[in-house]
Amino acid sequence: MCGEPLETRGGPYSEAAHIQGLGSPHFGPDVLENLLCLCPNHHKQFDTFSIYIDENWSVCMTNSGEAKWELTRRHRIDTEYVAYHRDLCLRGW
């Protein structure tokens, strides 16, 4: 998302973030199309609905709608999961 790798002694580090969360109340599936590869900071922001992905694959700040980055996609991401997450962000869940 941000393109800033987190280097550790063991090599680069990133986290897998579910777009539509697993379990209650979201019940998203644990499939590749429902995952993003994020740095720890953006994973936390994504999970707390502080950032979302708009219809043009821009990563936007929820509080302002400002587009910060373009999402780099290296695998198929299902737009239904993205729309689900975006709806939660924009309705103030």
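Heavy atoms only: backbone and side chains are in, while hydrogens, waters and symmetry mates are out. Being a predicted model, the structure only gives us computed values, none of them experimental. Starting from 1, each residue takes its place in the sequence as its number.
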Which heavy-atom pair separates E70 from N56 by the least distance, and what is that distance? OE1-O, 3.5 Å
Approximate separation, where rounding is to 0.5 Å, of H85 NE2 and I53 CD1: 7.5 Å
Do M61 and K68 touch side chain to side chain, with heavy atoms closer than 4.5 Å? yes
Do L35 and H18 come within less than 4.5 Å of each other through their side chains, counting heavy atoms only? yes
Is the closest side-chain heavy-atom distance between Y13 and P40 below 4.5 Å? yes
dist Q45:CD -> C2:SG (nearest 0.5 Å) comes out at 9.5 Å
Do M1 and C39 come close enough that some side-chain heavy atom pair is under 4.5 Å? no
Nearest 0.5 angstrom please: L36 CG to R73 CZ, how far? 11.0 Å
Quick check, are the ring centers of H26 and Y84 under 6.0 angstrom apart? yes
N63 CG to F49 CZ distance, which is reported to the nearest 0.5 Å: 15.0 Å
Which heavy-atom pair separates Y52 from G65 by the least distance, and what is that distance? OH-CA, 3.9 Å
When rounded to the nearest 0.5 angstrom, what distance separates CD in E80 from CD1 in I19? 11.5 Å
